[in-house]
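See structure below.
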Amino acid sequence: MANLDAVGRWLGTNGEAVYGTRPWRVYGESFVREKIGGKTGAENPDEVKDETAKGTEPDIRFTKKDNVLYVFARSWKAPAVRVQDLLLTPHESVKRVSLLGYKGKIDWKMDGNGIEMSLPGKFRPEVPVYVYKLEL
């Protein structure tokens, strides 16, 4: 029941990126699976008890609503989230970036059609999925 409560709290903060959204031009970006001691992630529970297996590969998923693109960064441990290609058209640009549930400023920079966004060091959601709101 505690896990469902945590997901409910996460949805309370990040629900705008889930409810009433549509798929983006691509579902996401994945990275090479990390192996720890030759075992799969499911055999190595996470020491911070967020129920995400150690070795779970960080990945990125997208949703869209109106002029907003949501970027979900799952199991992220690096100090910045890097999206290789947002697949923006020549008429689209990112105007503002925020992190749902975080009141501080997010540093970000475009790199071609990709983007790099800071991840605040002291901001750790209970469910390890960060959701960035990119206003286009």
Side-chain angles (χ1 to χ4, degrees):
M1 191 64 142
N3 288 343
L4 286 177
D5 289 340
V7 170
R9 286 188 295 276
W10 183 90
L11 280 170
T13 300
N14 299 287
E16 73 176 78
V18 176
Y19 301 115
T21 61
R22 310 289 284 156
W24 181 238
R25 296 173 183 138
V26 64
Y27 74 93
E29 292 182 357
S30 294
F31 305 92
V32 177
R33 178 173 290 281
E34 175 184 343
K35 289 192 177 186
I36 299 173
K39 297 180 180 181
T40 64
E43 297 165 329
N44 295 294
D46 193 320
E47 73 275 9
V48 295
K49 304 296 183 214
D50 63 11
E51 302 305 322
T52 302
K54 260 190 185 176
T56 298
E57 63 185 274
D59 59 10
I60 294 172
R61 298 293 180 252
F62 303 104
T63 60
K64 181 187 185 315
K65 186 187 317 181
D66 300 322
N67 290 329
V68 175
L69 174 61
Y70 295 99
V71 178
F72 296 73
R74 183 179 71 109
S75 298
W76 214 266
K77 298 189 181 13
V81 172
R82 171 108 174 96
V83 178
Q84 300 298 318
D85 192 349
L86 291 173
L87 296 177
L88 299 175
T89 67
H91 305 292
E92 294 171 320
S93 64
V94 176
K95 295 175 177 69
R96 193 170 309 132
V97 174
S98 58
L99 181 60
L100 297 183
Y102 180 71
K103 298 194 186 303
K105 180 180 183 269
I106 297 299
D107 294 323
W108 59 281
K109 65 180 177 182
M110 294 296 297
D111 181 12
N113 218 16
I115 190 169
E116 183 172 293
M117 303 167 289
S118 65
L119 185 61
K122 294 185 179 186
F123 180 71
R124 294 288 178 251
E126 191 173 3
V127 175
V129 179
Y130 304 90
V131 182
Y132 289 90
K133 180 177 181 177
L134 282 59
E135 297 177 44
L136 306 178

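Bear in mind the structure is a predicted one, so any value in this text is a computation, not a measurement. Note: hydrogens, waters and symmetry copies are ignored here, and every other heavy atom, side chains too, is used.
When the ring-ring contact (aromatic ring centres under 6.0 Å, His included) test is applied to Y102, the partners found at least two apart in sequence or on another chain are F123. Here N67 pairs with nothing under the side-chain contact (heavy atoms from CB on, under 4.5 Å) rule; sequence neighbours left out.
The CZ atom of F62 sits 10.5 Å away from the CZ atom of F72 when rounded to the nearest 0.5 Å. The line from CG of L100 to OG1 of T13 is 8.0 Å long, rounded to the nearest 0.5 Å. To the nearest 0.5 Å, atom CZ of residue R74 and atom CG of residue D59 are 4.0 Å apart. For the atom pair CG of L134 and CE of M117, the computed distance is 5.5 Å after rounding to the nearest 0.5 Å.
Here the closest non-hydrogen pair linking A17 and T63 is O-OG1, 2.8 Å. Here the closest non-hydrogen pair linking P58 and S75 is CB-O, 3.7 Å. Minimum heavy-atom separation, L88 to S93: CD1-CA, 4.4 Å. The minimum heavy-atom distance between G28 and R61, with the atom names listed, is CA-NH1, 3.9 Å. Pairing each heavy atom of E116 with each of A80, the nearest pair is CG-CB, 3.9 Å. Between Y132 and I106, the shortest heavy-atom contact is CE2-CG2, 4.0 Å.
At least one side-chain heavy atom of L99 sits less than 4.5 Å from a side-chain heavy atom of P120. Considering only heavy atoms from C-beta on, W10 comes within 4.5 Å of V131 through its side chain.
For R96, the CZ atom counts as loosely surrounded, since its 6.0 Å shell holds 12 or fewer non-hydrogen atoms of other residues, nucleotides or ligands. In this structure, D5 places its CG atom where more than 12 heavy-atom neighbours from other residues, nucleotides or ligands lie under 6.0 Å away.
Judged by distance alone, with hydrogens and angles left aside, the side-chain atoms of K65 form a donor-acceptor pair with the main-chain N or O of E16 at under 3.5 Å. Proximity of a side-chain donor or acceptor of E29 to a complementary backbone N or O of Q84 within less than 3.5 Å is detected. With hydrogens and angles ignored, the 3.5 Å screen pairs no side-chain donor or acceptor of E135 with any backbone N or O of S98. Between the W76 side chain and the L119 main chain, no donor and acceptor come within less than 3.5 Å of each other.
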> What do the steps show when you test V68 against L136 for side-chain contact (heavy atoms from CB on, under 4.5 Å), and what is the final call?
Replying inline: CA-CA 6 Å; V68 175; L136 306 178; over 6 Å; no
> Where do V97 and I115 land on the side-chain contact (heavy atoms from CB on, under 4.5 Å) test, with the steps shown first?
Replying inline: CA-CA 10 Å; V97 174; I115 190 169; 4.0 Å; yes
Can you list, pair by pair, the side-chain donor-acceptor contacts under 3.5 Å of residues 20-27, counting residues two or more places apart and other chains?
residue, atom, partner, partner atom, Å
T21, OG1, V18, O, 2.9
W24, NE1, L86, O, 2.9
R25, NH1, L87, O, 2.8
R25, NH1, E92, OE1, 2.7
R25, NH2, E92, OE1, 3.3
R25, NH2, E92, OE2, 2.9

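Contact check on D107 versus K105 returns a salt bridge, with a Lys/Arg side-chain nitrogen under 4.0 Å from an Asp/Glu carboxylate oxygen.
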